[in-house]
Protein chains: 2
Amino acid sequence: MSQRHTDVTGHVDEGQACAILDVLNRVSGKWSIAVLIRTAGGPVRFTELERSIEGISRRMLTLTLRNLERDGLITRTVYPTVPAKVKYTATDMARELYDHLVGLTAWAERHGPAVVASRAAYDRAAAAPAT
Amino acid sequence: MSQRHTDVTGHVDEGQACAILDVLNRVSGKWSIAVLIRTAGGPVRFTELERSIEGISRRMLTLTLRNLERDGLITRTVYPTVPAKVKYTATDMARELYDHLVGLTAWAERHGPAVVASRAAYDRAAAAPAT
DNA sequence: CGGGATCCGGATGGATACTG
DNA sequence: CAGTATCCATCCGGATCCCG
């Protein structure tokens with residue numbers, strides 16, 4: 001993992017793809033990023049997340065939190081009060097990761113329209129009869 | 001899409017997550033990145049890809065290429081020779097995207113071990129009996 | 001050679017009812 | 001409040017056969 005992945009020609013080897021794919025799979029879940037965003041600013045409670053994420057089910061929120069916690073991207077803190085209280089916070093590692101993801105957003109904003117257009121054109125061509 | 005997604009406090013809104021997720025889903029396929037890497041250097045033939053990607057099936061290669069083409073990330077060129085010949089090349093847009101993905105690799109290399117460790121610790125704790 | 005069509009299994013994600 | 005358990009729909013990816 002500490003070896004270089006590019007040679008003098010700038011060519012990239014297969015390991016590169018694996019590394020990228022690995023981190024990608026970690027956050028490519030439908031809700032992972034939403035959770036990361038909301039926990040990056042400090043501790044947030046379960047219900048807070050459930051209400052703010054709009055559309056997420058209890059189950060998916062739990063699963064997402066579990067996976068992120070497992071990977072060390074968020075920390076879970078339980079307050080043993082009478083009505084149980086749990087807060088989640090993104091770790092520094094996660095915040096750093098998120099910064100990189102923001103770089104992707106820049107790309108999305110620059111080329112998003114082009115992608116949409118390309119897609120529309122492609123679909124139109126595919127739907128076009130032989131005529 | 002051209003609006004800013006962060007306010008003065010640095011807080012991020014929901015649109016941000018959608019934008020990231022959008023581009024993420026585009027390349028999070030199991031083979032997309034592998035194809036992108038190989039086509040970034042110039043035109044590559046279908047069979048070339050099939051042999052170099054090792055483990056990919058004809059179907060998945062086709063599907064991956066189709067999706068990337070649809071999104072305008074690769075261009076497809078058909079040479080109407082007797083045995084049909086087709087070449088694929090990553091577009092500039094795709095190369096730019098790939099550059100951002102490389103940034104994620106840096107993160108993966110820095111924190112990969114930590115993630116693996118965290119995961120192992122988590123699993124060990126989960127497997128531990130009540131004793 | 002470069003695909004398309006079909007079938008299939010596993011993983012992913014959603015809805016909801018139940019619980020400490 | 002913060003989950004867990006269960007059931008179900010969908011999608012992704014693989015294998016295989018067929019076609020121009």
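Just the heavy atoms: all of them, side chains too, but no hydrogens, waters or symmetry mates, feed the values below. Letters A, B, ... mirror the listed sequences (proteins, then strands); counts begin at 1.
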In whole Å, what is the span from the [atom1] atom of [X] to the [atom2] atom of [N]?
X	N	atom1	atom2	value
A:Glu50	D:dA2	CD	P	9 Å
A:Glu69	D:dA2	CD	P	15 Å
A:Lys85	C:dG20	NZ	C1'	18 Å

Distance from [X] atom [atom1] to [Y] atom [atom2], nearest 0.5 Å?
X	Y	atom1	atom2	result
B:Ile56	B:Glu54	CD1	CD	11.0 Å
B:His100	A:His100	NE2	NE2	12.0 Å
A:Asp92	A:Leu97	CG	CG	12.5 Å
A:Leu73	A:Leu65	CG	CG	11.5 Å

Q: Give DNA chain C the dot-bracket treatment, 5' to 3': Watson-Crick (N1-N3 with N6-O4 or O6-N4) or G-U (N1-O2, O6-N3) under 3.5 Å, [ ] crossing, | other strand.
A: ||||||||||||||||||||
Q: Could you give me the CA-CA distance, side-chain angles and deciding distance for A:Arg110 and B:Glu96, then say whether salt bridge (Lys or Arg N to Asp or Glu O under 4.0 Å) is met?
A: CA-CA 11 Å; A:Arg110 268 200 308 278; B:Glu96 208 178 309; 2.7 Å; yes
Q. Which letter, B, S or -, goes with each nucleotide of nucleotides 3-13 of chain C from 5' to 3', with contact meaning a protein heavy atom under 4.0 Å?
A. BS-B------B
Q) With distance as the sole test, does A:Trp107 use its side chain to make a donor-acceptor pair with the main-chain N or O of B:Met93 at under 3.5 Å? A) yes
Q. Considering all heavy atoms of both residues, which atom of B:Arg26 and which atom of B:Leu68 are nearest to each other, and what is their separation?
A. O-CD2, 4.4 Å
**Q.** Distance-minimising heavy-atom pair for A:Ser118 and B:Gly72
**A.** OG-N, 3.0 Å
